[in-house]
Each structure stands twice: as structure tokens, then as C-alpha cells.
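Here the structure comes first, spelled out in C-alpha cells, and everything after it is commentary.
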Amino acid sequence: MPDKQLNLSNLSPAQPRKDRKRVGRGLGSGKGRYSGRGIKGQKSRSGSHKMRAGFEGGQTNIYMRLGKLRGATSADAMPIGPFRTYTQPVNVRDLDRFDSGDEVTPETLVEKRLIKNTRTDVKLLGVGEVTKKLTVRVHAISASAREKIEGAGGTVELLREPKVKKVRHRKAKPAAAEEPEATTEEQEGPAAAEEAPAEVTEDSEGTEN
């Protein structure tokens with residue numbers, strides 16, 4: 001038999017179509033009296049009820065109620081802007097994987113699987129002991145780690161110069177102008193002048209006679 005001619009009367013979709021369930025149309029919808037929305041509340045209203053992640057209905061969010069560690073050197077600290085510095089720590093006890101005379105650089109630390117990559121600066125810390133003579137080239141180092149490396153005969157070179165904190169000095173106030181010291185006569189004042197006996201001259205004696 002020849003195939004049916006395709007026309008608008010015999011068109012059908014390639015896959016069966018299923019109409020969406022019309023909720024909110026009474027008990028016959030199969031969703032019950034409240035159409036699966038519960039009784040009242042924010043989510044039962046019409047329209048979109050999208051809420052951001054962590055929203056708790058207006059009360060203080062849990063991530064704001066929990067304590068947080070602050071500071072640029074804390075591993076669990078909150079971000080402090082785009083200029084926060086990160087370093088990956090390596091302890092001197094981990095340098096036992098190197099042989100005496102080796103160079104310790106970010107690249108060799110990756111080879112020894114002490115760090116994952118060289119994208120982050122490396123800081124050497126002083127936990128543990130080191131007995132081998134090593135040449136250490138890292139971005140930063142603690143004072144105790146430097147002392148232990150140099151004590152074992154090794155050397156330390158920084159790949160990045162440490163930042164020097166600028167100390168703001170307050171301008172000293174100008175010293176008050178020193179007043180000239182008052183003379184003895186000025187200190188004694190007019191009272192001293194009254195107490196001083198009057199000098200008697202020869203002319204005055206003659207006049208009195």
C-alpha cells in the first residue's frame with residue numbers, strides 16, 4: 001500500500017507530548033487542596049519566590065552567627081580585599097628529602113611533592129630540625145628557619161624582597177619661645193623699691209640746716 005500523503009490532518013510529533021499538570025484547580029488536580037504549596041507563607045504566594053543561598057526568612061544567617069578568624073596570616077581568615085597575600089608553608093623538617101648540597105627552590109619542592117605548584121609564594125617555617133647543608137631560595141622565611149638553615153652550614157636567598165612597613169612620624173609641635181628671665185629688680189617689684197632707704201646727699205643735708 002502506498003504511504004499516506006503527509007498533510008495537516010495526519011501530522012503528529014516525533015515524541016508523545018505531555019501537557020503540564022495544571023495545579024491549583026481544586027481537588028481534581030491531584031495535588032490536594034493547597035496544590036502542594038502548604039498553608040500560607042512566602043512560598044505559597046503566586047509569582048516567583050526565588051531566594052538567595054543562605055536566606056533564612058529574615059533572621060540572621062548562620063554564616064553571620066558563626067565566629068570567624070580574622071587576619072591576613074590565618075588560613076581560615078575571611079578575604080581582605082583583592083590585595084590579600086597568600087603563601088604556602090613548608091617546614092624545615094620536610095627538607096630531609098633533599099641531599100646535602102642540593103638547592104631548595106619552588107621548582108624542586110614541586111618535584112619532591114612538598115607543594116602542588118609554583119603559582120603561590122613559598123614561605124619556609126622553622127618546625128623541626130635540619131642537618132644537611134642546603135641552598136634555600138624561597139619567597140619568605142621565618143627567623144627560626146633561617147637560623148636553623150644557616151646553623152647547618154646552608155645559605156638562604158629570598159626570591160622577593162620583604163616589604164618594609166612605612167612608619168608615619170607625627171610632626172613635632174614647635175617649642176614655645178623661651179621668655180627672657182626677669183631681672184632681680186623686676187622680680188622684687190615696686191614693694192622692694194619702697195623698702196629701700198633713700199640716699200641722703202650733701203646738698204640735701206645742707207638744705208635741712
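None of these values were measured; they are calculated from a predicted model. Sequence positions, counted from 1, serve as the residue numbers for this chain. FYI, side chains are in, hydrogens and waters are out, and symmetry mates aren't considered; it's all heavy atoms of this structure.
In this structure, the side chains of Pro89 and Lys123 stay at 4.5 Å or more apart for every pair of heavy atoms. Looking only at side-chain heavy atoms (C-beta outward), Gln42 and Phe55 come within less than 4.5 Å of each other. The closest side-chain heavy-atom distance from Lys43 to Met51 is below 4.5 Å. Residues Arg45 and Lys40 are in side-chain contact: their nearest non-hydrogen atoms beyond the backbone lie under 4.5 Å apart. Counting heavy atoms from C-beta on, the side chains of Val130 and Phe98 never come closer than 4.5 Å. Within the 4.5 Å cutoff, the side chain of Val127 has no heavy atoms near those of the Val92 side chain. Taking the side chain as every heavy atom from C-beta outward, Ile115 and Val122 approach each other to under 4.5 Å. Side-chain contact check for Leu11 versus Leu6: some heavy-atom pair is nearer than 4.5 Å.
Taking hydrophobic clusters as Ile, Leu, Val, Met, Phe, Trp and Tyr residues chained together by side-chain heavy-atom distances below 4.5 Å, Val90 shares a cluster with Leu158. Hydrophobic cluster membership is shared by Leu95 and Val156, with clusters built from Ile, Leu, Val, Met, Phe, Trp and Tyr side chains linked at under 4.5 angstrom.
For the atom pair Glu147 CD and Ile141 CD1, the distance stands at 11.0 Å (nearest 0.5 Å). Rounded to the nearest 0.5 angstrom, Thr131 OG1 and Asp96 CG are separated by 6.0 Å. The distance from the CD atom of Glu56 to the CZ atom of Arg65 is 4.5 Å, given to the nearest 0.5 Å. Taken from CD in Glu107 to CZ in Arg137, the straight-line distance is 11.0 Å, to the nearest 0.5 Å.
Under the side chain to side chain contact (heavy atoms under 4.5 Å, CB included) rule, Leu124 has a single partner from Leu109, Ile149, Val104, Asn91, which is Ile149.
At distances below 3.5 Å, not a single donor-acceptor pair connects side-chain atoms of Arg33 with backbone N or O atoms of Gly26. For the pair Asp94 (side chain) and Arg97 (backbone), a donor-acceptor distance under 3.5 Å is absent. When atom types are taken as modelled, the side chain of Lys148 and the backbone of Gly128 share a donor-acceptor pair closer than 3.5 angstrom. Looking only at distances, no side-chain donor or acceptor of His139 sits under 3.5 Å from a matching main-chain atom of Leu159. Remark: the backbone N or O of Tyr63 is not paired with any side-chain donor or acceptor of Asn61 at under 3.5 angstrom. Between the Ser35 side chain and the Gly24 main chain, a donor and an acceptor come within less than 3.5 Å of each other. Gln88 places a side-chain N or O within donor-acceptor distance of the main-chain N or O of Thr120, the cut-off being under 3.5 Å.
Gly101 and Leu134 get closest at one heavy-atom pair: N-CD2, 4.3 Å. Here the closest heavy-atom approach between residue Ser144 and residue Gly126 is recorded as OG-CA, 3.6 Å.
Between Asp121 and Arg160 a salt bridge is recorded (basic side-chain N to carboxylate O distance below 4.0 Å).
A 6.0 Å sphere centred on NZ of Lys112 holds more than 12 heavy atoms belonging to other residues, nucleotides or ligands.
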